[in-house]
Visitor: 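Take this structure first; my questions come after.
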Protein chains: 2
Amino acid sequence: MDMTSKLTAAAERLFDRHGYMATGMDRLTEAAGMSSRTLYKHAGNKAQLMARVLTERDRRFMARLEVQSVDALFAALEDWVRVEGTRGCLFLRSRAETGGDTPEIAEAVAAHKAAFHKRIEEVVAVNLGREDPVLSEQVLVLLEGATHAAVYRGAGAVSAARAAAAILLERARA
Amino acid sequence: MDMTSKLTAAAERLFDRHGYMATGMDRLTEAAGMSSRTLYKHAGNKAQLMARVLTERDRRFMARLEVQSVDALFAALEDWVRVEGTRGCLFLRSRAETGGDTPEIAEAVAAHKAAFHKRIEEVVAVNLGREDPVLSEQVLVLLEGATHAAVYRGAGAVSAARAAAAILLERARA
DNA sequence: ATACAAGTAAAACGAACGTTTTACATGTCA
DNA sequence: TGACATGTAAAACGTTCGTTTTACTTGTAT
């Protein structure tokens with residue numbers, strides 16, 4: 001594993017567990033197991049590092065959403081939550097922590113959320129045989145809600161969302 | 001308006017717009033229009049101030065949820081978003097920013113989310129004529145999802161959630 | 001008159017922040 | 001052999017952080 005990957009992985013973990021602002025660069029150098037000189041060579045600066053964490057997370061998360069049915073979207077989220085846990089959406093959290101004032105972070109978040117929305121619309125279209133913007137928005141709300149409700153309600157929130165989506169889909173089919 | 005209320009209001013605004021960690025006490029004294037000596041007399045310290053902001057917000061938010069129907073819950077959230085905007089749930093955000101490591105904040109968040117969940121169960125019971133834990137969980141997920149999806153999808157996310165809840169409720173009645 | 005609560009303005013505290021620099025070790029390739 | 005890229009260790013940079021302190025003003029109630 002090269003230094004850049006090691007750094008990005010350590011940063012994602014710390015930013016997710018303790019927050020972006022609360023994570024100091026000293027803690028990061030320690031967790032990544034490298035000197036601060038090397039860290040800055042690969043990271044540029046803290047905001048760029050956060051942006052790279054988000055880009056990498058987007059890649060990993062979106063890869064899991066390469067499915068053909070709405071139900072599989074929720075199954076994928078269940079897997080994600082089981083494997084990675086959930087402390088809320090890291091994209092929204094990083095935007096909120098920076099007040100949207102850090103361009104590279106705001107852009108990474110916007111890109112992810114646009115891709116997320118688009119993927120949902122595609123899956124709904126495949127599953128339903130036609131486009132359905134209203135159902136897509138509802139599925140998006142359910143996925144977003146499951147992610148955040150799971151923080152304090154546990155994985156059951158994802159199952160509840162999954163069942164709700166099934167009902168909405170059935171209804172849209174009629 | 002007394003100093004404590006002025007401080008709490010200013011703190012809520014700044015913490016919400018820029019994040020808890022990113023908001024310095026200097027900015028807070030300026031926004032609240034008081035000396036740092038007076039601020040600390042009323043606030044105790046930063047974490048206690050955040051906890052008081054959350055307690056006050058809980059009071060204000062829960063007051064809006066004193067309704068008799070599930071649909072009215074979503075109407076109330078629509079009002080809230082229109083009046084206050086949304087940058088995500090301030091309770092979950094403050095917990096995430098502190099990694100859950102600040103007791104007074106973690107407790108204020110837990111108390112709010114417990115009350116939130118309880119209120120939803122009550123409204124569902126009143127609206128449906130019986131308790132329904134599954135539907136309640138789905139309504140909770142929809143409310144949470146609407147709050148967070150509205151950050152980047154706008155107020156339409158709340159209407160979508162509202163319509164979805166109506167369908168789930170209708171179905172639960174049958 | 002005086003004691004006291006409650007406020008301001010501003011300096012100071014040590015600690016921690018993000019970042020850069022200095023000095024040195026190592027392996028690799030022309 | 002020697003230049004170069006890549007790494008470490010550790011000190012130092014100036015800034016900002018949360019918080020406390022010093023010195024002073026004001027309104028109010030005994």
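Basis for what follows: all heavy atoms, side chains included, without hydrogens, waters or symmetry-related copies.
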Visitor: Whole Å only: how far is the CZ atom of A:Arg27 from the C1' atom of C:dG18?
Guide: 16 Å
Visitor: When you check every protein heavy atom under 4.0 Å of nucleotides 7-12 of chain C, what one-letter string (B, S, -) results, 5' to 3'?
Guide: SBBB--
Visitor: Between A:Asp2 and A:Ser5, does any side-chain donor sit less than 3.5 Å from a side-chain acceptor?
Guide: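 A:Ser5 and A:Asp2 do have a side-chain donor-acceptor pair below 3.5 Å.
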Visitor: CD of A:Glu78 to CZ of A:Phe74: how many Å apart, nearest 0.5 Å?
Guide: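 Separation between the atoms: 9.5 Å.
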Visitor: Report which part of the nucleic acid A:Asn45 touches: base, sugar-phosphate, or nothing (heavy-atom distance under 4.0 Å, all strands).
Guide: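 Since only primed, P, OP1 and OP2 atoms lie under 4.0 Å of A:Asn45, the category is sugar-phosphate.
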Visitor: In this structure, how many angstroms lie between the P atom of C:dA5 and the CG atom of B:Asp2, rounded?
Guide: 19 Å
Visitor: Taking atom P of D:dT16 as reference, at what distance in whole Å does atom NZ of B:Lys46 sit?
Guide: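 Distance, rounded to whole Å: 15 Å.
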Visitor: For residues A:Tyr152 and B:Glu144, is any side-chain donor paired with an opposing acceptor at under 3.5 Å?
Guide: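 On atom types as modelled, these side chains qualify, holding a pair under 3.5 Å.
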Visitor: With the threshold set at 4.0 Å, does a side-chain nitrogen-carboxylate oxygen contact exist between B:Arg60 and B:Glu12?
Guide: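 So B:Arg60 pairs with B:Glu12 through a salt bridge.
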Visitor: Determine the contact category for A:Thr23: base if any of its heavy atoms lies under 4.0 Å from a base atom, sugar-phosphate if only primed atoms, P, OP1 or OP2 are that close, otherwise nothing.
Guide: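 Sugar-phosphate contact only - A:Thr23 comes under 4.0 Å of backbone atoms but never of a base.
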Visitor: Taking a hydrophobic cluster as the set of Ile, Leu, Val, Met, Phe, Trp and Tyr residues connected by side-chain heavy atoms closer than 4.5 Å, whether directly or through intermediates, do A:Ile167 and A:Leu143 fall within one such cluster?
Guide: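 Yes; A:Leu143 is reachable from A:Ile167 via cluster members.
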Visitor: What distance separates B:Leu73 CG from B:Arg119 CZ, expressed to the nearest 0.5 Å?
Guide: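 The CZ atom of B:Arg119 is 9.0 Å from CG of B:Leu73, to the nearest 0.5 Å.
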Visitor: Without decimals, in angstroms, what is the distance between B:Asp26 CG and D:dC17 C1'?
Guide: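 To the nearest whole Å, that distance equals 8 Å.
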Visitor: How close or far is atom P of D:dT6 from atom CG of A:Leu7, stated in whole angstroms?
Guide: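 To the nearest whole Å, that distance equals 16 Å.
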Visitor: Output the rounded distance in Å from OH (B:Tyr40) to C1' (C:dA6).
Guide: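 These atoms are roughly 19 Å apart.
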Visitor: Using whole Å, report how far CE of A:Met25 lies from P of C:dA16.
Guide: 17 Å
